[in-house]
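Worksheet: one structure, shown below.
When reading the values below, keep in mind they use all heavy atoms of this one structure, side chains included, and skip hydrogens, waters and symmetry mates. Position 1 is the first residue of the sequence, and the numbers go up from there.
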Amino acid sequence: MEDRFGRFSLALFEISRHWYRLAGDEMARHGLKAPHAIYLTALYRSEDGLTGPELCQRCGRDKSDVSRTLALLEEQGFVVKDPVNGSRYRGLLRLTQAGRAAAEQVCRRANQVVERAGRDLTAETRRLFYEALESIAANLRDIDKEGDLP
């Protein structure tokens, strides 16, 4: 009998471990850590800026983690929070020029790594792979919301 859970779990953990190491190396160039990459890239992909709750949703992180990280990114000059209707609460988060430069480099490097990691996949295999990953993620999200396994 095939151990699908074992293969699935091991592959995810190995991908995650290597991703964090590569992201950490890249982010260290900017005085940041691996988890900060997800925030920079999410803000980079949103030209109009994002609110804190939107960033939580896009990054799959909780409010306290986003709040701590944003404080650090603001302090280091990578992010600014533009007030909305005169209030910083629910203000729009945007990358500064330094933040944009860091995010561009991180995105460029990430694209190179993903391209190299999947170099032996055909376009069709890659499409099916991402379709399957998205389906598994959605199903796990639903199971998690239900709070109990069947």
Which atoms form the tightest heavy-atom contact between [X] and [Y], and what is the distance?
{"X": "Arg94", "Y": "Gly49", "answer": "NH1-N, 3.9 Å"}
{"X": "His30", "Y": "Gln76", "answer": "O-OE1, 4.3 Å"}
{"X": "Ala42", "Y": "Cys59", "answer": "CB-SG, 3.8 Å"}
{"X": "Leu50", "Y": "Ser46", "answer": "CD2-OG, 3.4 Å"}
{"X": "Phe8", "Y": "Ile136", "answer": "CZ-CG2, 3.7 Å"}

[X] vs [Y] side-chain heavy atoms within contact, under 4.5 Å:
{"X": "Glu115", "Y": "Asn111", "result": "no"}
{"X": "Thr125", "Y": "Asp120", "result": "no"}
{"X": "Leu140", "Y": "Asp144", "result": "no"}

If you group Ile, Leu, Val, Met, Phe, Trp and Tyr by side-chain heavy-atom gaps below 4.5 Å, do [X] and [Y] land in one group?
{"X": "Val106", "Y": "Trp19", "result": "no"}
{"X": "Leu133", "Y": "Val114", "result": "yes"}
{"X": "Leu40", "Y": "Leu92", "result": "no"}
{"X": "Leu73", "Y": "Val80", "result": "no"}

Once rounded to the nearest 0.5 Å, what's the spacing between atom [atom1] of [X] and atom [atom2] of [Y]?
{"X": "Ile15", "Y": "Leu10", "atom1": "CD1", "atom2": "CG", "answer": "9.5 Å"}
{"X": "Arg126", "Y": "Arg119", "atom1": "CZ", "atom2": "CZ", "answer": "12.0 Å"}
{"X": "Ile143", "Y": "Arg141", "atom1": "CD1", "atom2": "CZ", "answer": "11.5 Å"}
{"X": "Ser67", "Y": "Leu55", "atom1": "OG", "atom2": "CG", "answer": "11.0 Å"}
{"X": "His36", "Y": "Leu70", "atom1": "NE2", "atom2": "CG", "answer": "9.5 Å"}
{"X": "Gln112", "Y": "Glu26", "atom1": "CD", "atom2": "CD", "answer": "8.5 Å"}

Tell me whether [X] at atom [atom1] has more than 12 heavy atoms from other residues, nucleotides or ligands lying less than 6.0 Å away.
{"X": "Gln57", "atom1": "CD", "value": "no"}
{"X": "Glu124", "atom1": "CD", "value": "yes"}
{"X": "Arg17", "atom1": "CZ", "value": "yes"}

Strictly by salt bridge (charged side-chain N to carboxylate O under 4.0 Å, His left out), give each pair with a member in residues 43-60 just once, sequence neighbours left out.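 Every candidate salt bridge (charged side-chain N to carboxylate O under 4.0 Å, His left out) pair involving residues 43-60 fails, so no pair, neighbours aside, qualifies.
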
Given Tyr39, which of Thr69, Val79, Leu93, Leu72 fulfils the side-chain contact (heavy atoms from CB on, under 4.5 Å) condition?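 The option that passes is Thr69.
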
Is it true that a side-chain atom of Ser16 and a backbone atom of Leu12 form a donor plus acceptor pair closer than 3.5 Å?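 No.
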
Test side-chain contact (heavy atoms from CB on, under 4.5 Å) on Arg68 and Ser64; report intermediate values, then the result. CA-CA 6 Å; Arg68 279 190 307 275; Ser64 63; 3.6 Å; yes

Any chance you could lay out the side-chain contact (heavy atoms from CB on, under 4.5 Å) test for Tyr20 and Leu22, step after step, and finish with the verdict? CA-CA 6 Å; Tyr20 269 95; Leu22 292 166; over 6 Å; no

